[in-house]
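Working notes, structure below.
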Amino acid sequence: MPVLSEDSGLHETLALLTSQLRPDSNHKEEMGFLKDVFSEKSLSYLMKIHEKLRHYERQSPTPVLHSAAGLVEDVIEELQTAPVNNEEKELLQLLSTPHLRAMLVVHDTVAQKNFDPVLPPLPDNFDDDFDEESVKIVRLVKNKEPLGATIRRDEHTGAVIVARIMRGGAADRSGLVHVGDELREVNGIAVLHKRPEEISQILAQSQGSITLKIIPAVKEEDRLKDSKVFMRALFCYNPKEDRAIPCQEAGLPFKRRHILEVVSQDDPTWWQAKRVGDTNLRAGLIPSKQFQERRLTYRRTIGIQQNPKIVKKPL
């Protein structure tokens with residue numbers, strides 16, 4: 001059997017595997033399928049492109065120019081202001097094509113390393129009533145996805161407290177927001193005297209960079225490990241029809257027989273779960289088993305009281 005050297009590429013390995021496939025009466029269909037896959041030209045081309053990119057990456061190349069698009073604009077302007085021959089005319093048409101110009105913009109973005117989100121500068125000073133060491137300024141990059149946190153108002157102090165962090169959400173991925181933190185401002189807007197519904201609306205409408213002014217909890221709770229508990233749903237659930245859920249947008253809808261992965265049972269009433277096979281990595285709220293059983297028992301009791309059975313006594 002041929003031996004591959006250390007310098008052998010992926011496409012060479014693929015060619016070797018193809019040549020080593022032998023007919024097998026017991027696995028004729030499987031062997032034929034593998035041979036067809038390995039012999040596909042597009043797969044070989046992809047392997048070669050992969051090797052070229054890896055080789056190019058190992059060289060750690062530096063860009064010759066950081067503004068190739070700007071240079072092209074100067075060349076186009078120069079060509080347009082003077083008589084041109086056929087070759088210069090062809091060059092002008094080539095440089096004016098949208099695909100080439102888009103490629104040059106991407107080149108400049110990578111060359112300038114301008115692909116990270118730009119966050120606004122931190123405020124110069126804090127409010128006078130805050131202890132500087134106890135205030136935490138958190139900046140998150142949020143697109144159309146929810147922030148991934150629910151809030152509640154403390155009945156005794158009136159403070160707005162982070163009630164839960166949804167697994168896989170923007171707040172969870174940042175690692176900067178924790179259950180029990182007190183929320184004071186959202187994008188410079190004080191939230192102390194606002195209703196939780198108003199605060200949730202401000203958070204939902206915020207796009208791009210979102211700035212939170214937080215008083216950290218006295219003792220931040222340890223983040224629970226994934227429980228890896230899988231359950232099959234025995235009923236259909238729509239959070240938009242559930243008046244008891246603390247935040248309908250954070251709910252996870254599911255149907256009967258869906259497989260759910262419960263990632264947090266910290267709250268005895270509302271668990272956090274994901275649908276197995278779902279491309280959305282964020283967890284959502286579902287009623288806990290105990291809470292759902294209590295609701296069903298209550299509904300059955302109400303139904304019996306509203307429709308009492310008539311029992312005939314023997315004469």
Side-chain angles (χ1 to χ4, degrees), residues 4-18 36-124 137-148 168-170 173-174 176 186-188 202-212 279-282:
L4 289 172
S5 65
E6 295 182 356
D7 298 330
S8 298
L10 286 176
H11 74 283
E12 295 175 351
T13 306
L14 189 64
L16 179 62
L17 287 174
T18 305
D36 291 341
V37 171
F38 291 163
S39 302
E40 184 67 33
K41 289 186 178 181
S42 59
L43 181 59
S44 178
Y45 293 153
L46 286 175
M47 295 299 176
K48 291 182 180 181
I49 293 173
H50 174 75
E51 292 172 18
K52 293 291 184 181
L53 291 175
R54 290 296 301 273
H55 178 69
Y56 188 73
E57 186 180 24
R58 285 193 293 267
Q59 291 178 340
S60 300
T62 56
V64 178
L65 292 174
H66 288 79
S67 181
L71 178 60
V72 168
E73 293 293 340
D74 294 339
V75 173
I76 292 176
E77 184 178 355
E78 186 71 21
L79 292 174
Q80 289 176 340
T81 55
V84 294
N85 55 34
N86 292 334
E87 294 180 353
E88 293 171 338
K89 184 178 181 180
E90 182 180 358
L91 176 61
L92 179 61
Q93 293 176 347
L94 178 64
L95 295 179
S96 301
T97 56
H99 299 296
L100 180 62
R101 301 182 72 148
M103 183 184 68
L104 293 174
V105 171
V106 173
H107 169 275
D108 294 347
T109 300
V110 175
Q112 299 170 16
K113 298 182 178 180
N114 191 26
F115 33 75
D116 290 331
V118 179
L119 299 178
L122 287 170
D124 297 330
I137 303 296
V138 176
R139 284 217 170 92
L140 304 175
V141 177
K142 170 181 171 292
N143 296 320
K144 295 182 179 180
E145 63 172 333
L147 182 62
R173 295 196 304 268
S174 73
L176 302 174
V186 177
N187 288 342
I202 295 175
L203 292 171
Q205 293 175 349
S206 300
Q207 301 293 333
S209 172
I210 178 171
T211 304
L212 308 176
T279 56
N280 188 358
L281 300 178
R282 296 190 303 273

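Side chains are part of it too, since the values below use all heavy atoms of this structure and drop only hydrogens, waters and symmetry mates.
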Among pairs that include at least one residue of residues 74-86, which meet salt bridge (charged side-chain N to carboxylate O under 4.0 Å, His left out), considering only residues two or more places apart or in two chains? none
What is the distance from atom CG of Leu94 to atom CD1 of Ile76, rounded to the nearest 0.5 Å? 9.5 Å
With sequence neighbours left out, what residues match Ile202 under side chain to side chain contact (heavy atoms under 4.5 Å, CB included)? Val186, Ile189, Lys194, Ser206
What's the spacing between Leu104 CG and His99 NE2 if we round to 0.5 Å? 13.0 Å
Have a look at Leu95 and tell me which of Thr97, Leu92, Leu91 forms a side-chain contact (heavy atoms from CB on, under 4.5 Å) with it. Leu91
Applying side chain to side chain contact (heavy atoms under 4.5 Å, CB included), name anything that partners Leu65, two or more places apart in sequence or on another chain. Leu71
Atom of Gly70, atom of Asp108 and distance for their closest heavy-atom approach: N-OD2, 4.4 Å
Not counting sequence neighbours, list each pair that qualifies as a salt bridge (charged side-chain N to carboxylate O under 4.0 Å, His left out) and has a residue in residues 83-106. Glu73-Arg101
